[in-house]
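Shown next, in structure tokens, is the structure this report addresses.
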Number of protein chains: 2
Amino acid sequence: MPLLLLKDLPRYECLLESAKEFPDLDPSAAEAYLHLLRAGDDAFGISQRNLDAHGISQGRFCVLMLLWRSVHLPATASPGVKPCGGGPRTPAELAEGANVTRATMTGLIDTLERDSFVKREPDPVDRRMMSVRLTAKAERFLQDFLPGHFRTTAQIMTTLSESERKTLVRLLTKISTQAAEMVGGPAPVAAEPCLNAL
Amino acid sequence: MPLLLLKDLPRYECLLESAKEFPDLDPSAAEAYLHLLRAGDDAFGISQRNLDAHGISQGRFCVLMLLWRSVHLPATASPGVKPCGGGPRTPAELAEGANVTRATMTGLIDTLERDSFVKREPDPVDRRMMSVRLTAKAERFLQDFLPGHFRTTAQIMTTLSESERKTLVRLLTKISTQAAEMVGGPAPVAAEPCLNAL
DNA sequence: GGCAGACAGTTAGGAGGCTAACGATGATTG
DNA sequence: CAATCATCGTTAGCCTCCTAACTGTCTGCC
């Protein structure tokens with residue numbers, strides 16, 4: 001469980017109470033924000049539990065899925081359809097896809113290779129690069145593991161109707177888009193000295 | 001950024017494609033699940049950026065907020081209104097509130113105390129316990145930091161109308177409730193030997 | 001009183017992220 | 001061709017989280 005998070009979210013009245021002291025506090029925004037993090041962490045925790053039971057970490061699973069995608073959803077899908085796969089092969093591409101640094105990816109591939117889930121091979125053309133490949137063992141593992149994983153994630157969303165899911169995705173996409181704009185924007189005012197100047 | 005996560009979510013058609021191979025894959029559920037984790041991580045990342053700029057980690061901030069709540073939202077709020085505060089004081093209570101282990105809380109308090117944000121005091125009654133208190137420096141820091149923090153979280157939700165926020169909270173609460181039920185339920189089938197038996 | 005068990009806080013060691021720097025290789029450009 | 005710069009994968013060291021085990025203190029039952 002990666003997120004260090006409040007266990008019990010403050011009730012709405014408490015947010016209103018705090019808003020008296022901090023005019024910048026928008027109660028409905030804060031409520032939405034906290035529920036988003038809480039629900040995300042809850043959902044993540046459920047699938048984490050599933051992964052743990054199979055002795056595989058979220059990071060390793062992510063790498064396996066990226067490699068699996070590059071095998072099972074090849075770039076040349078049906079004609080006239082944009083390709084779904086053609087996924088990453090090199091450590092740098094995998095790091096990009098998994099949203100981690102290359103250094104972290106080196107560590108992940110190290111342990112995956114130690115456990116015989118992947119194999120490194122030098123690129124015959126560009127000698128700076130490596131090529132990472134799933135082993136047969138990993139293929140068997142995924143064939144075995146994925147159905148249960150999909151059932152678990154489906155069960156989390158069981159309580160939502162199809163139209164509710166559509167609505168949720170729409171709202172979440174709005175949030176992600178807004179977040180991306182804020183990241184692209186100016187960095188937050190660094191009150192760097194505040195920590196030590198007090 | 002705690003979540004190791006796919007950078008680009010698979011498009012819906014790709015989920016449909018994969019569902020052919022895995023009948024257990026519910027495309028709309030998977031889509032909602034992935035967007036939830038992505039949006040949660042995005043929102044978390046934004047506020048993380050804010051915290052980083054002030055040299056404070058998410059974990060430390062969480063502890064400070066719990067302690068702040070116990071000071072500024074006392075258990076005896078307005079008459080007839082359920083108390084908002086009366087927050088935790090001891091390391092064990094803080095660990096419970098922040099959803100981490102007591103060992104982790106020890107480490108957090110260690111560094112907070114090193115930076116003069118909190119002070120440990122032995123409990124005069126029960127000599128097993130400690131009492132953790134915010135220092136004046138921490139109070140000043142929060143007074144300084146929180147307005148910007150609240151503006152940031154409010155900005156993330158800027159794109160959502162009041163009714164959209166209400167809807168979002170309602171759907172997310174459903175998900176959290178469902179997740180809590182799944183956690184309480186039976187543990188996932190542990191295919192323990194699968195890793196080494198292959 | 002005395003002892004088993006529960007509980008608070010800490011310590012030790014491991015896993016998985018990160019940044020910063022490195023050597024090796026390839027690309028670009030005079 | 002040679003110098004410079006970019007890129008790839010790796011290493012080293014740090015931080016924060018975790019689990020497991022330990023010490024000291026309280027509680028309950030004889």
Side-chain angles (χ1 to χ4, degrees), chain A residues 1-7 41 44-45 48-49 51-53 55-64 88-115 118-133 195, chain B residues 1-7 41 44-45 48-49 51-53 55-64 88-115 118-133 195:
Chain A
M1 229 78 87
L3 239 55
L4 183 63
L5 204 57
L6 265 55
K7 187 170 203 172
D41 195 46
F44 180 74
Q48 177 91 310
R49 214 170 61 122
L51 290 164
D52 286 347
I56 194 113
S57 78
Q58 173 75 14
R60 289 211 254 278
F61 178 64
C62 190
V63 176
L64 292 181
R89 298 303 203 111
T90 72
E93 287 168 350
L94 289 167
E96 168 76 11
N99 224 4
V100 295
T101 61
R102 292 197 314 265
T104 298
M105 189 50 63
T106 295
L108 285 170
I109 295 174
D110 278 349
T111 65
L112 281 171
E113 190 165 35
R114 184 198 60 199
D115 295 342
V118 304
K119 205 162 172 308
R120 279 186 176 93
E121 286 163 354
D123 186 303
V125 182
D126 188 334
R127 280 188 298 175
R128 288 173 303 181
M129 297 207 239
M130 304 290 288
S131 191
V132 183
R133 220 167 35 73
L195 245 178
Chain B
M1 229 74 90
L3 237 57
L4 183 65
L5 204 58
L6 265 56
K7 187 169 203 171
D41 194 47
F44 180 74
Q48 177 90 312
R49 214 169 62 123
L51 289 164
D52 286 348
I56 194 113
S57 78
Q58 172 75 13
R60 288 212 254 278
F61 178 64
C62 189
V63 176
L64 292 181
R89 296 304 202 112
T90 72
E93 287 168 349
L94 288 168
E96 168 76 10
N99 224 3
V100 295
T101 61
R102 292 198 314 265
T104 298
M105 190 50 63
T106 294
L108 286 170
I109 296 174
D110 279 349
T111 64
L112 282 170
E113 191 165 35
R114 185 199 57 199
D115 295 342
V118 304
K119 205 161 171 309
R120 278 187 177 94
E121 285 164 354
D123 186 301
V125 181
D126 189 333
R127 281 188 297 178
R128 287 173 304 182
M129 297 207 240
M130 303 291 286
S131 192
V132 184
R133 220 167 35 72
L195 246 177

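We name chains A, B, ... by the order of the sequence lines, and we start the count at 1 in each one.
- Side-chain polar atoms of Arg60(B) and Thr111(B) form a donor-acceptor pair below 3.5 angstrom.
- With rounding to whole Å, Leu108(B) atom CG is found 9 Å from dC17(D) atom C1'.
- In this structure, Arg89(B) atom CZ and dG9(C) atom P are separated by 14 Å, rounded to whole Å.
- Atom pair Asp123(B):CG and dC26(D):C1' shows a separation of 12 Å (rounding to whole Å applied).
- Summarising the geometry, the separation between CG on Asp52(A) and P on dG14(C) is reported as 19 Å, rounded to the nearest angstrom.
- Toward the 5' end of DNA chain C, the nearer of the two residues Asp126(A) and Ser57(A), judged by each one's closest nucleotide, is Ser57(A).
- Evaluation of atom-type donor-acceptor distances gives no pair under 3.5 Å for the side chain of Arg128(A) against the base of dG26(C).
- In this structure, the CG atom of Leu51(B) is 18 Å from the P atom of dC15(D), given to the nearest Å.
- Distance Glu96(A) CD to dG9(D) P: 13 Å, rounded to the nearest Å.
- Between Ile56(A) atom CD1 and dG16(C) atom C1' the separation is 14 Å, expressed in whole Å.
- Considering only the side chain of Thr101(B), dC18(D) comes nearest among dG26(C), dC18(D), dC18(C).
- Closest to the side chain of Arg102(B), out of dT25(C), dA8(C), dC18(C), is dA8(C).
- Counting only heavy atoms from C-beta on, Thr90(A) has its side chain closest to dG9(D) among dG9(D), dT19(C), dC18(D).
- Under 4.0 angstrom from either OP1 or OP2 of dG17(C) there lies no side-chain N or O belonging to Thr104(A).
- Side-chain contact check for Ile109(B) versus Val132(B): some heavy-atom pair is nearer than 4.5 Å.
- What separates CD1 of Ile109(B) from P of dA8(C) is a distance of 13 Å, to the nearest Å.
- Under the 4.5 Å side-chain criterion, counting only non-hydrogen atoms from C-beta, Leu64(A) is in contact with Ile56(A).
- Distances shorter than 4.0 Å separate some side-chain N or O of Arg120(A) from OP1 or OP2 on dT10(D).
- Leu51(B) is not listed as a side-chain neighbour of Ser57(B), based on a closest heavy-atom distance of 4.5 Å or more.
- For Met129(A), counting side-chain heavy atoms from C-beta on, the closest listed nucleotide (dA12(C), dA8(C), dG9(D)) is dG9(D).
- Taking the side chain of Met130(B) as heavy atoms from C-beta on, and the options dT25(D), dT10(D), dG9(C), the nearest nucleotide is dG9(C).
- Side-chain nitrogen and oxygen atoms of Thr106(B) include none within less than 4.0 Å of the OP1 or OP2 phosphate oxygen of dG9(C).
- With respect to Glu113(A) and Arg120(A), a salt bridge is recorded, a charged nitrogen being found less than 4.0 Å from a carboxylate O.
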